Enquirer: 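What follows is a single structure, and I will ask about it in a moment.
Everything quoted here is computed from the prediction, not taken from an experiment.
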Amino acid sequence: MSAYSTERILPVQAMSSAATAPPSVDKVDGFSRKSVRKAKQKRAQSSSQFRSQDKPIELVQLPLLKDVSAQEQPELFLKKLQQCCTLFDFMDTLSDLKMKEYKRSTLNELVDYVTVSRGYLTEQTYPEVVKMVSCNIFRTLPPSDSNEFDPEEDEPTLEASWPHLQLVYEFFIRFLESQEFQPSIAKKYIDQKFVLQLLELFDSEDPRERDCLKTVLHRIYGKFLGLRAFIRKQINNIFLGFVYETEHFNGVAELLEILGSIINGFALPLKAEHKQFLVKVLLPLHSARSLSLFHAQLAYCIVQFLEKDPTLTEPVIRGLLKFWPKTCSQKEVMFLGELEEILDVIEPTQFVKIQEPLFKQISRCVSSPHFQVAERALYYWNNEYIMSLIEENSSVILPIMFASLYRISKEHWNPAISALIYNVLKAFMEMNSALFDDLAATYKSDRQREKKKEKEREDLWRKLEELELRRGIQNSDGIIPT
Amino acid sequence: ARLRAEVLNCPSMAGADGDDSLYPIAVLIDELRNEDVQLRLNSIKKLSTIALALGVERTRTELLPFLTDTIYDEDEVLLALAEQLGNFTMLVGGPEYVHCLLPPLESLATVEETVVRDKAVESLRKISHEHSPVDLEVHFEPLVKRLASGDWFTSRTSACGLFSVCYPRVSSTVKAEIRQHFRNLCSDDTPMVRRAAASKLGEFAKVLELEYVKSDIISLFTALASDEQDSVRLLAVEACVSIATLLPQEDLETLVMPTLRQAAEDKSWRVRYMVADKFSELQKAVGPEITKNDLVPAFQNLLKDCEAEVRAAAANKVKEFCENLPEDSRETIIMTHILPCVKELVSDTNQHVKSALASVIMGLSTILGKDNTIEHLLPLFLAQLKDECPEVRLNIISNLDCVNEVIGIRQLSQSLLPAIVELAEDAKWRVRLAIIEYMPLLAGQLGVEFFDEKLNSLCMAWLVDHVYAIREAATCNLTKLVEKFGAEWAQNTIVPKVLGMANDPNYLHRMTTLFCINALSEACGQEITTKHMLPVVLKMSNDQVANVRFNVAKSLQKIGPVLDSNCLQTEVKPVLEKLAADQDIDVKYFAQEAISVLALA
């Protein structure tokens, strides 16, 4: 346990400005998007909270807490908590209107009460608070309205019972943040099972709910040291299921945001468990189809890791190269952006280890027919720190990059790209003119050599296939040659 | 196999071909290592060729170790490799050497990417059958154990798929070990592994001895069915079908039903959805008595579920469920228990529920017979034909044939017509397309008079639809109608209208004339084609739009075989020759093609 207590975690808000900056390249293609076409659709609401509605619900109106004496308050508080366990059907907008309003005002009162009152938190309050919160928030999330909900395209379905749910979340957060709150008592009720159900709720389509959950989980992680390892493990499972099984989970960005603050607090040297999390969970998240929805938060986590331990640079970059998008140009631009963030903090000794495979990929990006990809890659040459690294290692990088640059400088359809390439070539020429001249001189013969090699390959395979054919015939005829 | 292995290894032969010197492994391995992923992928896909060139021994001693060591590649390459190795038995020297393939496949079965892993497991399952019982225990089963106790969840997940293939052919001690491993994985810490185990539970139960099904499988089944994660619980429902099939009837009530009842009322809609989705299988597996007592009320609840998703899945099963009810009480159950729910679903708030119901509801008429259909079902059909959602109406119309057999379609025709007309003019072209496809069926059932009177004008209107796919389908529809109603009918009702469009100011409509002629000439026969269609086609060769002209050439090529040779020589040939000298390159091309196909040169 002591290892965890050295962990400090940042407040979520402190890093959210860095993590939630909108991805700049998100929606720039010329095709009309579903979201545009469907703009007029009204926001769908859904709720799976309420099962049967037989008869109207009656709650006995209780006096206000401020209207009773201090001695009576604790008992009244408990009674009010119990009343708030009653659930209402919000899909039926006409039923129980009066009682819905009563519960809403009671919840509001409870929020105020936990914020300002002192001495209300007796031991017997804890189970009642947790019970009330559990009753209200834990539920099976309803099926998504559209058959294949695409978070990038479709409007989220909003939780119909939000008028109550929001207050319950607010109450719970105030409760957790209260000065009188004692984790040592609460841990009996806020246990692994509670956390597991809480994590499942992150799949909610309603962004307002996920935002509340983020704060709740962050507070719990901060206050319950005994739950930290469990929370991390369950988040791992959610991410692995998301990447390898369902490709569907709405709360990835929010969980990553919390992780960003968790990683920031990891003690050094990093434990094997944390490194495994980076390599086996965070890196594969890059392969998700919906990467754009959480890429900012993901890149933030990755850079946090590298700032903690620069020796992780090589596995991280190799991982990115492994998951490099094959067909999706938008994702490729995101990868290039993340890579630049990594290169901004890379140590020169690490750079040398990874430069060859890295620049082979960059050379492919530079010659991408998609001008945004090529442009994003070529922008690296505007980054002074990256330029200095390239310059130090020009004898390795220039030969890798030269052929692509040289070819594309003449062929690229987009004049802006040609101009950028020209500048890069010029920069290389100034960096290492002798090598540059050599490469230019041998460019043609190198191409010819490649072509010759290509032809040899084809010959080899042709001969192999002839052999296969011949043996196939022998086998089918059963004739053994002498 | 032995003989062939020796032949391939025969030094004199290798010498004669010079194979060994021609294809040193280094060269081949270079290919497998090529920097370009695509080339690497190509090489892996031709791995059998490489193995053949190397011969069985060098494949075993050089190629396979290389593959085992260098397994860190792109997932796409690994997937191809995993697939190849499943077919490699002969290339390593036949069944007695098949265990050589295990090391590389074992590594592949631990890879993160699911498709690669699944493919590796598939190949392992395949080659498991080629192992002798001894090899299975010496080589294969230890591999399964290693995977089952691996550190990372991927290997344990893969192990789940391998128990059932080796269990039947190993000794009883090993069997006990396998059962123990399976038990462990069912209560694994990681939900991914529990899901994998749950999804293989039914398959594993099938190969177990009945006593162990009762002792082991049932407790695992019960545990998985009450797992904390609904994604695990719903997989147990699938297993329920296999398990129930294996057990004798008298044990079902105590061993399976408590769990099944609980699943049908699970708090997660996903689990209830699964029960609804598997309802017919469950019904068959538990037999008629339990169906009557338990499944009927459960089915009613699912049809009334609070989640539309579940109701839709249940609605889909209405016909199958009713069909499989025991005959003695079928009608009573349907009339008293199922039909009331069905009636409510007809006016459900969710369109997916209604359209799921509409796709099966007509099937009930054969089960219930004429009188019940007229009294109880017909009002429902008519209500659905007027539904606001086009998919619901379409599903009713597409299943008209079931009703036709029982009560005849005439009962419906009053409501049918407005429904068809409305669908025919729906704003969504896919809806229009769908209704066109049912036209021949409707025409057959409604008869020629009704058709001429009410539907013919619709069919002609589609020919000038602004969406090409509709015009194309409309053309095809005409052909089918002519096949149904005959050439004379065509000549009187369709041909004049089609030919009239040849003078339309819109060139797209003029082209439709040509497309219709292409489609109709064969069904209409030589006389109509020569007398009525050909003159119009020939006249259109003077059209000012090149697209029309080259379609004239294409049409002539198409209808040529229907015409007699005299007509071809005197009428068609001159026009094609003229078109072959057209200034438009495409017109020339198609005219020349027609000339050569019709042998008019």
Side-chain angles (χ1 to χ4, degrees), chain A residues 46-53 89 91 138-145 147 192-193 196-197 200 233-234 236-238 240-241 243-246 276 280-281 283-284 287 318 321-324 326 357 360 454 456-457 460-461 463-465 467-472 474-475 478-482, chain B residues 3-4 6-8 10 12-13 16-17 19 22-23 27-28 30-31 34-35 37 39 42-43 46 48-50 52-53 72-76 90 112-115 117 151-154 157 189-192 195-196 228-231 266-273 305-310 352:
Chain A
S46 175
S47 178
S48 205
Q49 204 164 19
F50 197 81
R51 288 293 296 275
S52 60
Q53 59 256 53
D89 180 7
M91 292 307 280
F138 293 153
R139 65 210 192 274
T140 308
L141 294 169
S144 187
D145 211 32
N147 232 357
Q192 295 194 346
K193 187 155 188 265
L196 202 59
Q197 288 172 285
E200 276 179 19
K233 196 167 97 186
Q234 295 310 323
N236 269 6
N237 287 341
I238 288 174
L240 289 168
V243 174
Y244 296 115
E245 289 180 345
T246 60
Q276 173 168 301
K280 294 225 177 194
V281 184
L283 287 176
S287 66
R318 283 197 189 275
L321 295 176
K322 178 177 155 72
F323 295 113
W324 202 270
K326 303 274 188 301
K360 276 179 188 161
E454 180 59 23
E456 282 171 6
R457 282 194 58 251
L460 170 76
W461 280 106
K463 282 181 196 160
L464 279 174
E465 267 148 33
L467 173 81
E468 190 178 5
L469 212 62
R470 227 169 39 242
R471 290 201 173 149
Q474 282 166 16
N475 288 333
I479 299 167
I480 300 163
T482 47
Chain B
L3 178 69
R4 200 171 123 210
E6 277 164 18
V7 170
L8 285 174
C10 168
S12 68
M13 177 190 156
D17 286 358
D19 293 349
L22 248 176
Y23 312 113
V27 177
L28 299 175
D30 255 7
E31 282 299 289
N34 198 303
E35 224 174 79
V37 188
L39 294 179
N42 292 345
S43 316
K46 293 183 200 153
S48 59
T49 310
I50 295 180
L52 207 58
Y72 309 98
D73 203 331
E74 298 260 343
D75 291 329
E76 211 180 344
M90 292 320 286
E112 250 86 20
E113 177 51 51
T114 323
V115 277
R117 230 181 320 131
D151 280 339
W152 192 239
F153 78 96
T154 51
T157 309
D189 212 20
T190 322
M192 281 80 81
R195 278 196 284 275
E228 62 201 3
Q229 302 230 343
D230 61 359
S231 54
D266 198 283
K267 67 180 192 313
S268 163
W269 63 270
R270 288 186 192 84
V271 179
R272 301 197 304 274
Y273 170 89
D305 198 278
C306 63
E307 285 302 347
E309 222 86 349
V310 180
H352 298 295

Enquirer: Can we say A/K322 and B/E74 salt-bridge, meaning some charged N sits less than 4.0 Å from an Asp/Glu carboxylate O?
Expert: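 Here A/K322 does not pair with B/E74 in a salt bridge, since their nearest N and O are not under 4.0 Å apart.
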Enquirer: Are B/R195 and A/E245 close enough for a salt bridge, meaning some N to O gap below 4.0 Å?
Expert: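 Between A/E245 and B/R195 there is a salt bridge, with a charged N closer than 4.0 Å to a carboxylate O.
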Enquirer: Can you tell which part of B/S43 gets under 4.5 Å to a heavy atom of chain A, answering side chain, backbone, both or neither?
Expert: both
Enquirer: Starting at CG of B/D266, measure out to OG1 of A/T140 and round the result to the nearest 0.5 Å.
Expert: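 Here the interatomic distance stands at 7.5 Å.
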Enquirer: If we define contacts as heavy-atom pairs under 4.5 Å, which of B/E112, B/R117, B/K46 has the most with chain A?
Expert: B/E112
Enquirer: Taking all heavy atoms of A/L141 and all of B/W269, pick out the closest pair and write down the distance.
Expert: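 Closest pair (atom of A/L141, atom of B/W269, distance): O-NE1, 2.7 Å.
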Enquirer: Any chance you could measure A/Q234, atom CD, to B/T190, atom OG1, to the nearest 0.5 Å?
Expert: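 Going from the CD atom of A/Q234 to the OG1 atom of B/T190 covers 9.0 Å.
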Enquirer: Please determine, among A/K280, A/K360, A/K233, the option with the most heavy-atom pairs under 4.5 Å with chain B.
Expert: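 Option with the greatest count: A/K280.
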Enquirer: Distance check, rounded to the nearest 0.5 Å: A/W461 atom CH2 versus B/N42 atom CG?
Expert: 8.5 Å
Enquirer: Return the CD to CG distance between A/Q276 and B/D151, rounded to the nearest 0.5 Å.
Expert: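 CG of B/D151 is found 8.5 Å from CD of A/Q276.
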Enquirer: I need the minimum non-hydrogen distance between A/L240 and B/M192, along with the two atoms involved.
Expert: CB-CE, 3.6 Å
Enquirer: If you tally heavy-atom pairs under 4.5 Å against chain A, which of B/T154, B/V310, B/V37, B/D189 wins?
Expert: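 Option with the top pair count is B/D189.
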Enquirer: Is chain B contacted by the side chain of A/K193, its backbone, both, or neither, given a heavy-atom distance below 4.5 Å?
Expert: neither
Enquirer: Which bit of A/E200 comes within less than 4.5 Å of chain B, counting heavy atoms only: side chain, backbone, both or neither?
Expert: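 Contact with chain B involves the side chain of A/E200 alone.
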Enquirer: At a heavy-atom separation under 4.5 Å, does B/Y273 approach chain A through its side chain, its backbone, both, or neither?
Expert: neither
Enquirer: Take atom CD in B/E76; do more than 12 heavy atoms of anything else shown fall under 6.0 Å from it?
Expert: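 Not buried by this count: 12 neighbours or fewer within 6.0 Å.
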